[in-house]
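Numbers for residues simply follow the sequence, beginning at 1. Please read these numbers as outputs of a predicted model, since none were measured by experiment. One-based numbering, in listed order, for ligands and for the atoms of each.
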Amino acid sequence: MYPRIMIDLKKIEENTKKISSKCHANGIKVAGVTKVFCADSPIVDAYIKGGVDYLADSRVQNLKRLQNKGLPVYMLRLPMPSEASEVVEFSDISLNSEIETIRLLNLSAKEQNKTHGIILMIDLGDLREGIFNEEELFETVSKILKLKHIELAGIGTNLTCYGGVIPTGENFGKLIDYKNIIEKQYGINLSLISGGNSSSLYLLDDNKMPYGINMLRVGEAFVLGRETTYGNAIEGTYDDAFILEVEIIEVKAKPSLPIGKIGMDAFGNKPVFQDKGIMTRGICGIGRQDIEPDGLICCDERIAVVGASSDHLIVDLTNCQQAYKPGDFLRFKLTYGGLLKAFTSEYVSKLYLSDD
Ligand SMILES: *Cc1c(COP(=O)(O)O)cnc(C)c1O
């Protein structure tokens, strides 16, 4: 069935092994983030073979798939108050910033006869989740310490997600300062200092990871072999563990400019076109319901993506020597956004490749 994603489990395992062992050598534990592939079980197993210490996802439906894998499970997105009970049921530790939600987790944990761990998130300037105000931070800590079924497992931060703020010795240094102040002021031990995502990995190469950061949450680097601060490939990893294969349904020579008065496209935008004369245009059986055209990187570099509507992807085949025809296939590498969307679409099937 096409379109399909071909998934090389061995490459994912090797990426994971390469990056995890570097983290371990620096005293850092790794949570393998599974959301980009919807916690798909064979890929989760590849992470585990690659040596991750924990599994982490942002959605309750995915957390359910991470049960019984033998590793602690983390809930990454701040829990919705309405899902507190399921978060306690399906994760061991969740990332939090709202005391009222933490109180609901405490109640659910009491009901389920459990202790639920939390990592208190601090916003160091990226302006997505986390407590920004210092006074609120300390107040929240004191309130958490009164809850019997909650364990304050640590503090964490998230960078380079919304604001694109780069992790540095300086902003991570601030996280470590908070750890020291909290431990001293409340006489407790914070065992996890969770310093962000794939964008923090470059600090390991530059020997700039501040001492004290002892956990990272990594997704993109494992699946695409890329650190996400500068978008560089990570040496010795694969960027083609996932390949999207699509089938051509039409090939015709047509002008590059539509003919007639231009109104709105299928998505309500007024399109702008560049006149390149007559082109060889191919149409593939995939569309915006399954991918973002910007998230596709064609393996045949002579082919350019022209655009897409809900069910059709248009490509420019003008520069190809080979005469593509309907029934032929095109292969694409994917960006993070491209992979996320293709994996979430139920119209894209999966084929697993592995040596064994
Ligand atoms: C998605 C997510 C990550 C993983 O980010 P990558 O860039 O894929 O490594 C880490 N932490 C949180 C809170 C996330 O939501």
Side-chain angles (χ1 to χ4, degrees), residues 12 15-16 18-20 22-23 28-40 43-44 47 50 52-63 66 72-80 87 91 93-98 101 117-131 153-167 171-172 175 192-204 209 213-234 237 239 241-242 295 334-341 343-344:
I12 297 164
N15 284 357
T16 307
K18 177 106 193 174
I19 296 162
S20 298
K22 201 192 286 177
C23 291
I28 293 173
K29 299 238 168 158
V30 188
V33 175
T34 59
K35 66 192 180 201
V36 70
F37 51 85
C38 310
D40 186 59
I43 307 176
V44 173
Y47 269 14
V52 299
D53 304 283
Y54 319 110
L55 298 170
D57 206 289
S58 49
R59 294 174 191 247
V60 164
Q61 293 93 325
N62 294 352
L63 296 178
L66 300 179
V73 171
Y74 282 63
M75 172 62 164
L76 288 177
R77 185 167 65 187
L78 308 180
M80 296 181 229
V87 167
S91 72
I93 293 191
S94 58
L95 276 43
N96 283 275
S97 70
E98 292 285 356
T101 307
I118 67 164
I119 292 182
L120 192 59
M121 294 301 279
I122 301 176
D123 190 336
L124 297 175
D126 196 54
L127 304 186
R128 202 179 71 181
E129 75 273 45
I131 297 177
I155 56 175
T157 195
N158 200 51
L159 292 167
T160 346
C161 260
Y162 172 72
V165 173
I166 291 175
N171 47 29
F172 273 174
L175 192 65
L192 293 171
I193 309 301
S194 186
N197 52 43
S198 296
S199 68
S200 303
L201 290 168
Y202 88 97
L203 291 169
L204 291 174
M209 185 67 80
I213 300 289
N214 63 12
M215 176 201 181
L216 292 179
R217 312 176 302 266
V218 178
E220 179 159 355
F222 291 160
V223 292
L224 295 177
R226 199 169 327 124
E227 62 80 33
T228 54
T229 299
Y230 302 106
N232 293 326
I234 298 176
T237 61
D239 68 351
F242 294 86
L334 297 159
T335 64
Y336 187 81
L339 182 60
L340 182 74
K341 202 154 177 199
F343 231 96
T344 308

> So how far is it from Asn15 CG to Ile234 CD1, rounded to the nearest 0.5 Å?
Replying inline: 8.0 Å
>> Under the salt bridge (Lys or Arg N to Asp or Glu O under 4.0 Å) definition, can you give me all pairs with a residue in residues 119-128, not counting sequence neighbours?
In response: none
> Out of Leu66, Val33, Asn62, which one pairs with Leu55 under the side chain to side chain contact (heavy atoms under 4.5 Å, CB included) rule?
Replying inline: Leu66
> Can you name the side-chain contact (heavy atoms from CB on, under 4.5 Å) partners of Glu129, sequence neighbours left out?
Replying inline: Leu78, Met121, Asn158
>> Does Arg77 have more than 12 heavy atoms from other residues, nucleotides or ligands lying within 6.0 Å of its CZ?
In response: yes
Report each N/O pair between ligand 1 and the protein that falls under 3.5 Å, naming both atoms.
from     : atom 1 : to     : atom 2 : distance (Å)
ligand 1 : 8 (O)  : Glu220 : N      : 2.8
ligand 1 : 9 (O)  : Ser198 : N      : 3.0
ligand 1 : 9 (O)  : Ser198 : OG     : 2.5
ligand 1 : 9 (O)  : Gly219 : N      : 2.9
ligand 1 : 11 (N) : Arg217 : NE     : 2.9
ligand 1 : 11 (N) : Arg217 : NH2    : 3.4
ligand 1 : 15 (O) : Lys35  : NZ     : 2.7
ligand 1 : 15 (O) : Arg128 : NH2    : 3.3

>> Tell me every residue that passes ring-ring contact (aromatic ring centres under 6.0 Å, His included) with Tyr74, counting only those two or more places apart in sequence or in another chain.
In response: Tyr54
